[in-house]
*Asks:* 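Dumping the structure here so I can ask a few things about it.
All values below were derived from every heavy atom in this structure, side-chain atoms included, with hydrogens, water molecules and symmetry-related copies excluded. Starting from 1, each residue takes its place in the sequence as its number.
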Amino acid sequence: MGCGASIPKKCKVGGKGKKRRSVIQEVAVFVPTIRIPVDSDVAHPLRGLVSKELVDRLSKFRDRVVALSEDIYCADVSDVSELQHALEEYLPVVLGLTMKESRLESSVEFRWRTLDDDQECCLSSAWYEVLSVIHMMAMLELFEANLILIPKNGQVGGERKVSEDAKKDVVDSLLRASGCLDYCVHRILVQIPAQVKKSFPSYFQEGMLEAISIQALAQCVEIQLGLASECEKATLSVKRRLACELVSYFSQAHYCLSGCDTSDSFGKKLLLFLKWKCMEAKAVAYYYHGLVLDKGNEASSHISAVCCLSAADDLVADSKRACLSFCLANPITRVPPPWGIMRNMHKKIPDSACKRFQMYGYLFEQDNNSALQSLPDLPEFALSLRPEGYELPSTDSIWDNVDSQPQIQSLKEHLDDEDEVETK
């Protein structure tokens with residue numbers, strides 16, 4: 001399992017036997033796992049069924065993705081973009097294997113592995129390959145978003161200084177990631193037989209993919225809320241609405257995992273992340289809800305405001321412990337500095353809770369109605385963000401004349417193919 005990280009170029013990662021990452025990574029946008037393709041024998045199973053040109057094209061594009069993937073943890077934004085482009089070139093070609101008329105859907109065994117633990121999953125399914133490619137595209141969008149948000153100056157734990165335009169780019173990446181994963185759930189998984197899905201790794205569970213898709217939307221709102229907190233024109237009501245939406249998104253993502261197997265390190269890390277971020281979101285939501293209630297003139301409004309701010313204070317403390325639990329879970333990640341909306345909340349919330357209690361503490365002594373002294377519910381709002389629409393590209397035109405009929409080869413061409421396989 002991997003998390004998006006800011007890692008020096010000198011680090012060495014890659015295939016089996018290579019030196020592991022020695023730098024503890026820092027997380028702004030959580031990247032649950034990055035899987036990369038492993039060299040697979042594409043030519044031999046397809047020989048005699050499709051043209052040599054098609055086999056060469058399929059092998060060439062997949063080999064390029066394999067080569068670019070190996071050192072992704074040391075990549076910068078331009079490297080990630082190059083890999084994304086390579087995946088986009090490869091996808092239309094491999095899509096041809098899924099065509100019913102080609103009858104080649106299960107002809108090639110495709111191999112993928114996770115970067116952190118080298119766990120491989122090999123399946124003879126073109127739809128599995130398509131799913132893996134789109135999943136990787138989504139993870140790279142999250143990874144790129146994290147690269148933009150983590151400071152490049154090398155200061156460990158330093159304050160993140162990211163421009164507003166860069167944050168908007170991050171939001172765009174997160175929406176694209178959410179769209180890719182949403183498409184995987186509703187359009188790709190339904191194409192794959194249940195027997196094949198039984199062999200899927202845990203991170204391809206439907207609930208897991210849904211959770212990460214919604215998590216990406218939540219982190220969009222998190223950035224929007226941070227921008228609103230810095231904008232003088234943004235009203236308390238707007239900030240409260242965004243904070244309440246953030247709670248809803250993280251809660252939904254957490255709920256999606258309720259029916260999933262989260263016993264491995266991947267599932268545990270994701271659960272801990274969502275728990276931590278949900279606590280932070282609730283702390284901010286109760287803080288802004290308390291400030292809105294405090295504008296009322298009734299004593300009950302002030303009592304409710306104090307209850308909200310007190311709850312926010314408790315949640316901030318709990319979220320710090322939840323953050324530490326997340327960071328210590330395997331694979332270990334660096335404790336990040338507060339950023340975005342939380343950059344000032346760690347001080348604002350305790351100060352506001354203390355100040356309001358000093359102002360209105362006497363109301364609690366005068367009021368005998370315990371119902372008024374209970375924590376009010378957060379308001380519910382319609383969620384404003386949806387995954388960005390994603391559609392599969394058209395199948396590469398090289399498949400136009402393929403009908404899975406045996407290709408006639410000369411003896412020389414057949415022997416040349418045999419030589420190529422033996423030298424690989």
Side-chain angles (χ1 to χ4, degrees), residues 218-219 221-222 224-232 234-255 271-327 335-381 383:
Q219 297 213 257
V221 178
E222 184 179 21
Q224 291 176 336
L225 181 55
L227 291 171
S229 69
E230 299 169 357
C231 178
E232 296 180 357
T235 64
L236 276 178
S237 296
V238 168
K239 295 172 187 176
R240 181 182 64 172
R241 180 188 177 107
L242 287 171
C244 290
E245 283 191 46
L246 188 58
V247 173
S248 295
Y249 279 117
F250 277 125
S251 297
Q252 279 188 20
H254 193 276
Y255 178 76
L271 273 172
L272 288 170
F273 177 77
L274 294 175
K275 180 180 178 181
W276 162 39
K277 300 306 289 185
C278 198
M279 284 183 179
E280 282 190 346
K282 283 184 177 179
V284 178
Y286 275 117
Y287 169 73
Y288 283 126
H289 190 41
L291 295 186
V292 171
L293 291 174
D294 195 41
K295 289 184 174 293
N297 296 321
E298 301 294 328
S300 59
S301 298
H302 300 311
I303 291 174
S304 295
V306 173
C307 290
C308 286
L309 292 169
S310 178
D313 192 18
D314 291 341
L315 283 162
V316 165
D318 290 342
S319 72
K320 291 178 180 178
R321 290 189 287 270
C323 174
L324 185 59
S325 296
F326 163 75
C327 292
V335 178
W339 68 281
I341 186 62
M342 295 308 295
R343 186 175 60 184
N344 299 318
M345 287 297 164
H346 283 182
K347 185 175 186 302
K348 273 187 176 182
I349 289 176
D351 288 351
S352 296
C354 181
K355 181 179 178 181
R356 293 308 192 284
F357 187 78
Q358 289 174 348
M359 291 173 62
Y360 303 122
Y362 71 94
L363 294 175
F364 286 81
E365 298 175 1
Q366 295 176 1
D367 183 75
N368 295 320
N369 187 348
S370 59
L372 293 177
Q373 298 180 23
S374 61
L375 182 64
D377 292 332
L378 290 170
E380 294 185 7
F381 299 98
L383 301 182

*Asks:* So which atom in G290 and which in A305 form the shortest heavy-atom distance, rounded to 0.1 Å?
*Replies:*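 Distance-wise, the nearest heavy atoms are O-CB, 3.3 Å.
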*Asks:* Going by the rule side chain to side chain contact (heavy atoms under 4.5 Å, CB included), which residues pair with A234 if we only count those two or more places apart in sequence or in a different chain?
*Replies:*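 Partners of A234 by the side chain to side chain contact (heavy atoms under 4.5 Å, CB included) criterion, ordered by chain and then number, come out as A228, C231, K239.
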*Asks:* Taking the side chain as everything from C-beta on, heavy atoms only, tell me whether L246 gets closer than 4.5 Å to V284.
*Replies:*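 A side-chain contact is absent here, since even the closest heavy-atom pair is not under 4.5 Å.
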*Asks:* With salt bridge (charged side-chain N to carboxylate O under 4.0 Å, His left out) as the rule and sequence neighbours excluded, what pairs involving residues 244-255 come up?
*Replies:* R241-E245
*Asks:* Among residues at least two apart in sequence or on other chains, which ones pass ring pair (Phe, Tyr, Trp, His ring centres under 6.0 Å) with H302?
*Replies:* Y360
*Asks:* Under the rule for side chain to side chain contact (heavy atoms under 4.5 Å, CB included), what residues qualify as partners of T235, not counting sequence neighbours?
*Replies:* S237, V238
*Asks:* Please name all residues satisfying side chain to side chain donor-acceptor pair (under 3.5 Å) with K282, sequence neighbours left out, ordered by chain then number.
*Replies:* none
*Asks:* Can you list everything that forms a side chain to side chain donor-acceptor pair (under 3.5 Å) with D314? Sequence neighbours excluded, please.
*Replies:*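 D314 satisfies side chain to side chain donor-acceptor pair (under 3.5 Å) with no residue once adjacent residues are dropped.
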*Asks:* Among all residues two or more places apart in sequence or in another chain, which pass the ring pair (Phe, Tyr, Trp, His ring centres under 6.0 Å) test with F381?
*Replies:* none
*Asks:* Considering residues at least two apart in sequence or located in another chain, which fulfil the side chain to side chain donor-acceptor pair (under 3.5 Å) criterion with D351?
*Replies:* K347
*Asks:* Using a 3.5 Å distance criterion without hydrogens, assess whether the side chain of S319 forms a donor-acceptor pair with backbone atoms of V316.
*Replies:*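 Looks like yes, one N/O pair under 3.5 Å.
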*Asks:* Check ring pair (Phe, Tyr, Trp, His ring centres under 6.0 Å) between F250 and all other residues, then give those that pass, not counting sequence neighbours.
*Replies:* none
*Asks:* Not counting sequence neighbours, list each pair that qualifies as a salt bridge (charged side-chain N to carboxylate O under 4.0 Å, His left out) and has a residue in residues 286-302.
*Replies:*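 For residues 286-302, and leaving out neighbouring residues, the salt bridge (charged side-chain N to carboxylate O under 4.0 Å, His left out) pairs sorted by first residue read D294-R356.
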*Asks:* Output all residues satisfying side chain to side chain contact (heavy atoms under 4.5 Å, CB included) with L272, sequence neighbours left out; order by chain, then residue number.
*Replies:* S325, F326, A329
*Asks:* Which heavy atom of A353 sits nearest a heavy atom of L309, and at what distance?
*Replies:*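 The pair with the smallest heavy-atom distance is CB-O, 3.5 Å.
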*Asks:* Sequence neighbours excluded, which residues qualify as side chain to side chain donor-acceptor pair (under 3.5 Å) partners of W339?
*Replies:* none
*Asks:* Is S304 reaching over with its side chain to a backbone N or O of S301, donor-acceptor style, under 3.5 angstrom?
*Replies:* no
